[in-house]
Structures are given as C-alpha cells and as structure tokens.
Trainee: 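This is the structure I have questions about; it appears just below.
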Amino acid sequence: MDADYDIFEIVYVICEHWLIEAESYQRRYYNSNGQPLLPGYYVVNWPEHIRIRLFNEHAEFYGPFKRRSEAQAALGLMFKSVDQLRLVNRHHDGQYHLNYL
C-alpha cells in the first residue's frame, strides 16, 4: 500500500481498532466517536496543521470500500475539484461517506 500525498493515506481496516497502513505496518486506530470501523479500505485525511499523522481523533476515515481500487478512485476525485465531489457529514455510524455529484 502506498501513501498518497501528505494529508491522505489509503489504509485497510482489518478488525476492530486495527488497520494496516500505507507502509504495511499494523496499527491501532481510534476515532473521535470511539466506534469501530467496518472492515475495508479507507481514505484517511488529516487537517493540514497536523504534523504527526496518527490514526486518532484528528484522522477522518472515508469509506469503507470493498476494493483498494475504489479507494484510489475516491482519492483521485478528492484532488480533482470540489465541484465534482461533495463530502457528506459524518453518518450515525461514525463514518464519512462520499457522494458523487
């Protein structure tokens, strides 16, 4: 898995509070609502002012995607234009979901 740019990374959530990050290391994660994520691929985003990229309350997880190629496509859209992609507010399950316009 490769890191894409400085503020985005594609990861694979393997089970409750564990993921495999871009450099193939297994890491614990937690998010701001404390709920576990569903298994699958996610695009992770950090605010630009965050220097140390930890998988904690500063990380926003977009997904899950069944295939890595789907996460890569979503990441590509994130860089294209705000007019082509709208990020939806966090759903009740604590995850972000993408809406394509």
Side-chain angles (χ1 to χ4, degrees):
M1 293 184 200
D2 56 312
D4 297 284
Y5 307 96
D6 287 336
I7 60 172
F8 290 97
E9 183 172 334
I10 295 175
V11 301
Y12 185 74
V13 171
I14 53 177
C15 62
E16 190 171 308
H17 300 289
W18 286 97
L19 59 78
I20 298 175
E21 45 101 287
E23 295 180 2
S24 299
Y25 290 102
Q26 188 171 320
R27 306 269 187 222
R28 286 190 61 82
Y29 75 85
Y30 63 94
N31 50 17
S32 59
N33 68 4
Q35 298 296 317
L37 299 172
L38 295 173
Y41 290 94
Y42 289 80
V43 177
V44 184
N45 175 241
W46 293 269
E48 289 186 32
H49 71 277
I50 300 296
R51 299 271 187 226
I52 300 173
R53 309 293 190 207
L54 301 175
F55 300 101
N56 59 18
E57 72 275 2
H58 298 295
E60 295 178 349
F61 293 83
Y62 299 93
F65 298 96
K66 289 184 179 183
R67 293 184 293 277
R68 187 173 196 288
S69 60
E70 293 172 347
Q72 287 174 313
L75 176 63
L77 288 174
M78 289 178 180
F79 284 103
K80 286 201 178 194
S81 171
V82 176
D83 295 334
Q84 295 177 4
L85 178 70
R86 185 182 74 222
L87 297 178
V88 178
N89 289 332
R90 191 180 302 224
H91 284 226
H92 68 280
D93 60 6
Q95 299 171 42
Y96 288 87
H97 298 269
L98 302 174
N99 277 355
Y100 300 92
L101 300 177

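This structure is a prediction, so every number in the text was calculated from the model and none was measured. These values consider heavy atoms only, across backbone and side chains, with no hydrogens, waters or symmetry-generated copies.
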Trainee: Give, for atom CZ of F55 and atom CH2 of W46, the distance between the pair rounded to the nearest 0.5 Å.
Mentor: 4.0 Å
Trainee: Can you name the nearest heavy-atom pair linking Y29 to C15, along with the distance?
Mentor: CE2-O, 4.0 Å
Trainee: Check for me, please, whether L54 and W18 land in the same ILVMFWY cluster - side-chain distances under 4.5 Å, paths through other members count.
Mentor: no
Trainee: With rounding to the nearest 0.5 Å, note down the distance linking CD in Q72 to OH in Y41.
Mentor: 9.0 Å
Trainee: What closest approach, in Å, do P39 and P64 show between heavy atoms, and which atom pair accounts for it?
Mentor: O-CB, 3.8 Å
Trainee: In the structure I gave you, are the side-chain heavy atoms of L19 and F61 within less than 4.5 Å of one another anywhere?
Mentor: yes
Trainee: Where do P47 and R53 come nearest, in terms of heavy atoms and distance?
Mentor: O-NH1, 3.2 Å
Trainee: Does one hydrophobic cluster hold both I20 and F8, with members joined at side-chain heavy-atom distances below 4.5 Å?
Mentor: yes
Trainee: Do you know the tightest heavy-atom contact between H17 and G34?
Mentor: CE1-O, 3.7 Å
Trainee: Is the backbone N or O of L37 less than 3.5 Å from a side-chain atom of Y42, with the two atoms forming a donor-acceptor pair by type?
Mentor: no
Trainee: Measure the CG-CD distance between N33 and E57 for me, rounded to the nearest 0.5 Å.
Mentor: 11.5 Å
Trainee: If you measure from CZ on R51 to NE2 on H58, what distance do you get to the nearest 0.5 Å?
Mentor: 13.5 Å
Trainee: Against E70, only a single residue in R68, R67, K66 fulfils salt bridge (Lys or Arg N to Asp or Glu O under 4.0 Å); can you say which?
Mentor: R67
